[in-house]
Amino acid sequence: MKKGYYSVDDIREALRKPGYVTPLLKGLRYTFKMFMSKDVTIQYPTERRQISERWRGIHRLLKENDKFKCVGCGLCAEVCPPKAITIVTEESEEGERYPSKFQIDELRCIFCGFCVEVCPKDAIEYSKVYDFVGYDKKEFLLEKEDLVNPEKYIFQGK
Amino acid sequence: MAAERTWKLHMGPHHPSTHGVLRIELELEGEKVLKATPIIGQLHRGIEKIAEDFTFHQAIPLTDRLDYTAASLNNLGYVLAVEKLLGIEVPKRAQYLRVIISELSRIMGHHLWIGSAALDLGAMTVVFYTFADREIIMECIEEASGGRLTPTYMRIGGVSKDVNEKFIEKVKYFVDMFPEKIDGYETLLTDNIIWRQRNEDLAVISYDEAINLGLTGAVGRASGVNYDVRKAFPYSSYEDFDFEVPVGSKGDAFDRYMCRMEEFRQSVRIIKQAIENLPDGPVMADIPYLNPPQEKVRTDIDALIRRFKFVLEGFHAPKGEVYQSVEGSKGELGFYLYSDGGSKPYRCKIKSPCYIHVSALPAMVEGYMLSDIITAIGGLDIVLGEIDR
Amino acid sequence: MHSHVVVLFLSAFLFSIGAIGVLVRKNAIIVFMCIELMFNAANLALVGYSHFLKSIDGVMLVLFVLAVAAAEAGVGLALFVLLFRNKGTIDVDKLNILKW
Amino acid sequence: MAKAKDIIKLIQKKHKKAVIEAEEFRGDPIVKVKKEKLIEVCEFLVKEKKLAYNLLVDVTAVDFLPYKRTPRFDIVYVLVSVDNEHRLILKTEVDEGEKVPSVYHIWKSANFPERETYDMFGIEFEGHPDLRRLLMWPGYEHYPLRKDFPTKGYDFDKKWDPEQIKDNVLKY
Amino acid sequence: MIKYVWLVPFFPLIGVLINGILGWKLEKINKGIIHWIACGAVGLSFLVVWMIFRELLNLPPEHRHFEIIVYNWFTSGVLSVNVAYLVDPLSITMSLFVTGVGFLIHVYSIGYMGHDEGRYYRYFTYLNLFMFSMINLILANNFVLMFLGWEGVGVCSYLLIGFWFENKEFASAGKKAFVFNRIGDFGFVLGMFLLFFSVGKYTDIYTLNFYNAMSHVKFIPVAVASAVGILLFIGATGKSAQIPLYVWLPDAMAGPTPVSALIHAATMVTAGVYMVARCAPLYLHGHSAMEIVAIIGGVTSFFAATMAIAQYDIKKVIAYSTISQLGYMFLGVGVAAFSAGVFHIVTHSFFKALLFLGAGSVIHALSGEQDMRKMGGLKDKIPVTYWTFLIACLAISGIPGLSGFFSKDEILGKTFASGHYFLWFLGTVTAGLTAFYMFRVLFMTFFGESRVEPDVAKHIHESPATMTVPMIILAVLSAIGGYIGVPHLLGGSNRIESFLEPSFSYGGIETENLFHHVPAGTEYFLMIIAVLVGLAGIYVAYLFYMKNKSIPENLVKKYPTLHKLLYNKWYIDEIYEAVFEKPGHFLGSVLWMIWDELIVDGIVKGVSNIVRGIGCGLRFVQTGSVQFYAVGVLLGIVITVTYFLNF
Amino acid sequence: MLAELMIPVIIFFMAVFFAMGSGVMVVCSKNPVHSALWMVSTLFSTAIIYLILQFDFIAAIQVIVYAGAIMMLIVYVIMLTSVDEEVRRKYRLRLYQIVGLAFIVIIFVELVKTGSSHLTGWEGLDWKHIPETFGSVKYIAHQLFSKYVFPFEVVSVLLLAAIAGSVVLAKKDKKD
Amino acid sequence: MDFLIDIAITVVFNLIVFVGLLLIVAYSTWFERKLLGDFQLRLGPMRVGFHGLMQPIADAIKSFFKEDVIPKNADTVVFILAPMLSFVCALGVIAVIPFGGTVHIFGRDVKLILADIDVSVLYIFALAALGSYGCVLGGYASYNKYSLVGALRASALMISYELPFALTIIAVVLVSGTLSFSGIVDAQAGLWNIVKQPVAFILAIICGLAEINRTPFDMPETESELACGFNVEYSSMKFSMFFMAEYCHLFTISAIITTLFLGGWHGPFLPGPIWFLIKSIALMYFFIWERSTYPRLRIDQIMRFGWKFLLPVSLANLVVTAIVMTIF
């Protein structure tokens, strides 16, 4: 045996000792212990899990002074591995560039976090919305206005 | 004249215990397996081809989808390969974090394995216990990266974000509570005579055969192949930690099981050491052509330009080829990268352990019974995402 | 006419049917089943007479016939399985190698 | 763990004619040998006590179509010695339509990777016991990992017709 | 307890069944089970016999006679035979030592046969079967059951002599024993029938029960009784190896040594003596038969002793010694000293079994060597064997104080008293010869320098405890066994004689007047002569084989004819071959050619040819189709049903 | 009460007709499994007839041993041997089979002639006269272990032989 | 008039028992799911009604309206017959199980048992024998390899485990001296048979598990090997018949073991039927508990266990019982 390795044979041998019936009864005792302990199920739509700060939910486009922070540089669209972001940039009268169209296909999105990571203006971030449901593919094409407040997509139950 | 004694059975792709879309063409005599031919490819997504069109950075999320039960390990393998190609050093803190996350992933992978392997044999409860415990790891990883199943936490040159106190707390909690849970699994399975009877002396692979078939990881080690990438080619500061690798001798399904159960304990041991000795410092290597940190981008125009260059063009790796492997939760997970000097991997070959293990399946199950195939597959711990790529 | 006459008639009927089956069917297992049917017909007659004569003897005989039928089934079916394994068929027409 | 240079030297010493080029990159020895000598070298690599490359980790190919290299493909073998704990990247060159000797009889682990290489690049391995399509379905005409194959695929927009491939599948 | 006497043969039978049916399996599991079963069975039998013996002792002598009927074996006309056991002093004495010595030898066999793989169970099965048969022989209350045991022991003897049947010589030795026994048995059966019919004819009591038959034997004519006696005695000569049917016994030494000890020394061969003793009234009535018994016994004893002198095979010497001692017993019963004969059976069984076991131990130590010329100097290497062997030799030589002395002296005394002076003389000479050849064996084996072959010498070792302990027990018995029959002359009460006496006296024939009254002084004189002759024998042996080893060789050179004659056993085998075997072979060939080939085979083949002809015609009916046959069955049913329902 | 008396009679005749019908179907079904099923129903109907004739025990044994064990075994063997075997085939009666059928008709006629000697009109089930304990387990057991103990032992030996025989037959050759 | 009342009482009683049985069967699915959930740190059905109490009814409605698929090559008649056979035989067992003492109603003594026949034990075996045809024929008729293997396994299992089960129960019959269930229950009024026959109790539980095809003996189904085994092609109501037959078996085997070993309906303070239910449900609890704990055995291991262990042990138990009964 090389250094840093050890054999499981003696553990295996030791297992033969307890016999047949006792381990079976021990198993029953263990499940009974679990029967008595608290269940871990969360009653999902009514009860929700505490999720972490860094949760990668549906994207949120941030606004500053009632304007989108986004300047339409297109880095997010470029870095996006599944190419879920469509962005069309225009220039306003003041010479500021802004995205005239900012569309995320949430069905294509793999929530890798690259877009948020590369945005130089901190204009896009992840919300904590993870239960976005719909009946049609088109419902998942989110325009920039939809992305301002993704909390409205939280599934409320029936 | 003699009657055809054998019959054919197509097991899968829609079969409850082929762990995905594996299909096995069986030739049976009664219930005895005469010939087994695994047929794969139903989940083929062409990750290697897609990676050729992505920059080195963009290809990271693809690797998450290989072995989705222990996604961060694949990340690690890939970024290590790229780093090796580039020849860059990663900060110590990042290395330790990588170790913690990858060992947590390994436990996650093993959790899924033991749960489904037990479910295959009808022990339906274990899978729920393991998923309950897996949830805690998921929360840890979520705390660090924001993702649960496919965290995409590793980056070339480090990890995506530094961890917070909450993460460390949660990991510590997990490390403290988990050994007891392992004992629980063992009460239900290891000690159980039925479990032993189903696993012992089954799908036996000898040492020579194992090494010739290229079995690595717990499957190979069960046959006595004392080869662990963490020990043989230490990466990401694994040499800093005090841990041992379990090795079996008989090479049956039960040894595979025992090895994995021991790996649980060893992983906990590594995580404990890493989380207690977590050094301070940056989590990204400060290399000019890599993605600069956000704080710098906000203030520094140079960093901004670097960011644009990183995203739009990617970095150019030197011409050459590397092979870097990590000890995945299933075995040696390797990435062969060929770079022609461009910003994209010219050729990225993923060596997935399950792929080799599936090719060894006929050698394992032939001569055993129909029910034993289930046990053998369960003991191999295959993930079709990794096999088909 | 009491019930036992009906039973006897049924017995004769089943016996004849069984005999016809033995004679005309080609599948050895069905032939075998028809033999069982004839057994059963004999049992019926025994029970009928037992009932008629108020004697338990017929019923006892039925018990033994059952046991014999069970033994016969065990050995006979094992033979069929073996035949099928070696010859690939259990057609009685094709199994006539016992000729000379 | 032996130094990469020593390994290269040892191989060059024993098989001077076989080795086309050898280099060390990032600590790993990379040796390119002639196709004809491949089996000979491989057997040597396994048997030589100082090397003992008993574990074949991977077999793959690299397509050099854009560079218009004449032997179009590189076949890459990644080898590991379990006992000595060192690696080797062994390569050989093959042109389109040529056959490479299979290393299946040396390492059985070459079974699937060689099939996959055949499947993805169309490189045939001589002596492989079961050279069929592996990941792609039988009857598929193209070799996806060749550089002239578009990532989208040829028939990306074509409607999927089950009847058309049914025969192929049934043949399988 | 007496009514449970059937337990005595029952236990060995159980042993036979278990070992015989399951033995092959048990042997694979554990050899221990086999010998535990076998020895346990015999041990239990011994216990039962012992308890019966104790019970018998507590009864008044005239009530010591029981017949336990187990069940009716068969009834055929006037003949009714029960499986019934006779419990009286004689049978119990016999069975006591048979089971006792048998048990010891079973135990001894554990050590002796321990190395024999694959046939261990078979050996113990045979041994138990022998015990079962022997006990049946002894305890039987009628001739038929006795004959069953008689044949049973013969079969066991055959099986055990040929135990190592791979060796062709051994196998043919077994056959030889069997054939000679058969000849004897033929006489025995004839005698049995003659007795049955003659007793029936003259008294109208058709019986084969010993007690009934013997009680009425006095009503049949003396000549017939003699004929019966002679016929039965032919059986006894076969079984007990007397002239002329003794030649099988030396060859029977091919069997394992414990078998020699048990069957061919202690128990089976004494069956003849027992039978004669059992039929005491018959022999007393037909006294010419008894004369023949005495003469044959005396002559045999002398002849066998002379043959023993020149033998080199250790077991053969003892075998001839056995024949000689059996001759003594017959001499004893032949002069109507039945109790003396039985007494000698008992003592002889102790020391002769011991001698065989000792020889076996020597052979065991020497890895199978039996030739005395290749022994020597073993005294210190196997001390236990040596000391026990010495005791046995002293006992057989009639050294006062040991068991052989009392019994032998009793026989010689009674012979003298009955007026057979020549036989007495033969017996006394034989006593000297006995002492000589026994000590010859002792000196050649245990004293002097070692002539053992070097590679054998390395392995010499004392036998295991399972072998030595029975030997020690037998040695003790050989030493003190004689004290149950200390004669009146030496101040004893001859308890065995008074115990056995009722068993012989039921025939209503007085034995007292057969013996002259011999004055005490003469008796002492005879005794001293016997002892002196014995001591002289020992001294001569010492002289020949210790002091001056050239004497035997010189003697051989001087009298080559005599030595050759003795060494080749008086050429008896060769004579038999010339007289019986050759003509028999010729007769057989003639019968085979004419009767078998021509007539029997002709009939058989003719029949088969006819059948074949018919079959050739009928085979076209056999189509092989099951359903065609079913039609045939149906035809039968139709005929039957139609017949029974309509006619 | 009329109904009380009539119900068993009706069941009795239903069972008789059902047994006859199933008996015919055993021979006529092309699929051996169907044949076996019809056989089961024949046996079951017979068991009902036994039940009405107040032989509870025999009825139960009939179902357990015949319908349960033997027929299950037959179904098992049918599945093992000829599930996929083609059953439709040109069929032609041979001469000997026709002769055999004639024999069967003769037998049937003879049997019915004998059995129908009391054919005078339905007088009902005569189970009123039977003592309560006649077909009971206790009575049969007493008979079995006293009067019939020898056949009982013989049958047990037969079963043992059958077990040994079928084990030997079904055992696979070690060679292949 | 009396006759009519008799008939009315019989009819009503039958209705009550069978409807009750069906309810118990329906709710035993809920019971099992709930318990399994609890054993597995889950909650089980929670949505339909309070704690999912209406779940069985919802399931029933759902299965009614599912599409009923009969495979193309299936043996249609047998395919339809099999689940019915299975279900009817499962239900029929309840007829001979006494679940209470005698009740005085309308001036009549009504025994709380549907059919108090004196060969109840044999009746049970007869039904079990017929019931296993359900599995076998269902598997055969589906024209599916998986279900055929399931059917073969089912018949093998049935043949092997019927025998030790019968031998075990015969030991109890010996102790009680009767083949009738009510007689057996009455014989246990003082001392339960579990005390007299502890080995038989354990054997009966093991064989019972095999009889009703539950883990670790769930060979005919083995969802992970044969993808549900004999009922893989069944859907809609036919599937739910198999399903209900299975749960009916679960209840009836508990009831049989209760009757044979746990004193049936005897018990202090509470009325008989209540005691009967309590005991049966406790046994059902055990069966579910055990299911949640153990893996399943392989078919050859099960066969070996049955023939080489259970059969000799039950035979030995029977012999010892017989000897003890003869001596004392």
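These values consider heavy atoms only, across backbone and side chains, with no hydrogens, waters or symmetry-generated copies.
- Of all the listed residues (B:Glu200, B:Arg221, B:Lys166), the one sharing the greatest number of non-hydrogen pairs under 4.5 Å with chain A is B:Glu200.
- For B:Tyr68 and B:Asn74, the side-chain atoms include no donor-acceptor pair closer than 3.5 Å.
- Of the two parts of A:Leu28, neither the backbone nor the side chain holds a non-hydrogen atom closer than 4.5 Å to a non-hydrogen atom of chain B.
- When heavy atoms are compared at a cutoff of 4.5 Å, B:Leu304 approaches chain A solely by way of its side chain, counted from C-beta outward.
- Interface remark: of the candidates A:Gln50, A:Lys33, A:Arg29, A:Arg54, A:Arg54 forms the most heavy-atom pairs closer than 4.5 Å to chain B.
- The choice from B:Gln266, B:Met258, B:Arg148, B:Met261 that makes the most heavy-atom pairs within less than 4.5 Å of chain A is B:Arg148.
- Heavy atoms of A:Lys83 lying under 4.5 Å from chain B belong exclusively to its side chain.
- Seen from the ring of B:Phe243, B:Lys231 counts as a face-on cation partner, given the 6.0 Å and 45° thresholds.
- For B:Glu239, the CD atom sits in a packed shell: over 12 heavy atoms of surrounding residues, nucleotides or ligands are nearer than 6.0 Å.
- Contact annotation for A:Leu24: only side-chain heavy atoms (C-beta onward) come within less than 4.5 Å of a heavy atom of chain B.
- For B:Thr55, no part lies near chain A; criterion is any non-hydrogen pair under 4.5 Å.
- In the displayed structure, A:Glu47 atom CD is contacted under 6.0 Å by more than 12 heavy atoms of other residues, nucleotides or ligands.
- Comparing B:Thr187, B:Asn164, B:Val297 by how many heavy-atom pairs each has under 4.5 Å with chain A, the most go to B:Thr187.
- Using a 4.5 Å cut-off between heavy atoms, A:Thr41 does not touch chain B at all.
- Heavy atoms closer than 4.5 Å to chain A are found nowhere in B:Asp64, neither backbone nor side chain.
- From B:Glu244, atom CD reaches atom CD1 of B:Ile270 across 11.0 Å, with rounding to the nearest 0.5 Å.
- Heavy-atom distances place no part of B:Asp53 under 4.5 Å from chain A, backbone and side chain included.
- Ring to ring, A:Trp55 and A:Tyr130 are close: their centroids are under 6.0 angstrom apart.
- Using cut-offs of 30° and 60° for the angle between ring planes, the A:Phe140 and A:Phe132 rings count as tilted.
- Ranked by heavy-atom pairs under 4.5 Å with chain A, the first of B:Ala303, B:Gly146, B:Ala222 is B:Gly146.
- A side-chain donor from one of B:Gln294 and A:Asp122 sits under 3.5 Å from a side-chain acceptor of the other.
- Heavy atoms closer than 4.5 Å to chain B are found in both the backbone and the side chain of A:Val118.
- Most heavy-atom pairs under 4.5 Å with chain A, from the set B:Phe128, B:Tyr227, B:Trp195: that is B:Tyr227.
- Side-chain atoms of B:Glu135 and A:Val40, non-hydrogen and from C-beta on, never get closer than 4.5 Å to each other.
- When heavy atoms are compared at a cutoff of 4.5 Å, B:Val311 approaches chain A by way of both its backbone and its side chain.
- Below 30°, between 30° and 60°, or above 60°: for B:Tyr185 and B:His111 the angle between ring planes is above 60°, a perpendicular geometry.
- Of the listed residues (B:Cys259, B:Ala132, B:Gly314, B:Ser145), the one with the most heavy-atom contacts under 4.5 Å to chain A is B:Ser145.
- Ring-plane geometry between B:Tyr129 and A:Tyr30 is classed as perpendicular, the angle between the planes exceeding 60 degrees on a 0 to 90 degree scale with a lower cut at 30.
- Contact annotation for B:Pro151: only backbone heavy atoms (N, CA, C, O) come within less than 4.5 Å of a heavy atom of chain A.
- Residues B:Arg307 and B:Asn291 have side chains that bring a donor and an acceptor to within less than 3.5 angstrom of each other.
- Contact of A:Arg49 with chain B is made through the side chain alone, with heavy-atom distances under 4.5 Å.
- Neither the backbone nor the side chain of B:Glu186 comes within contact range of chain A; no heavy atom of the residue lies under 4.5 Å from a heavy atom of that chain.
- Side-chain atoms of A:Ser127 come within 3.5 Å of backbone N or O of A:Ile58 as a donor-acceptor pair.
- Top candidate by heavy-atom pairs under 4.5 Å with chain B, chosen from A:Ile110, A:Thr22, A:Leu75, is A:Leu75.
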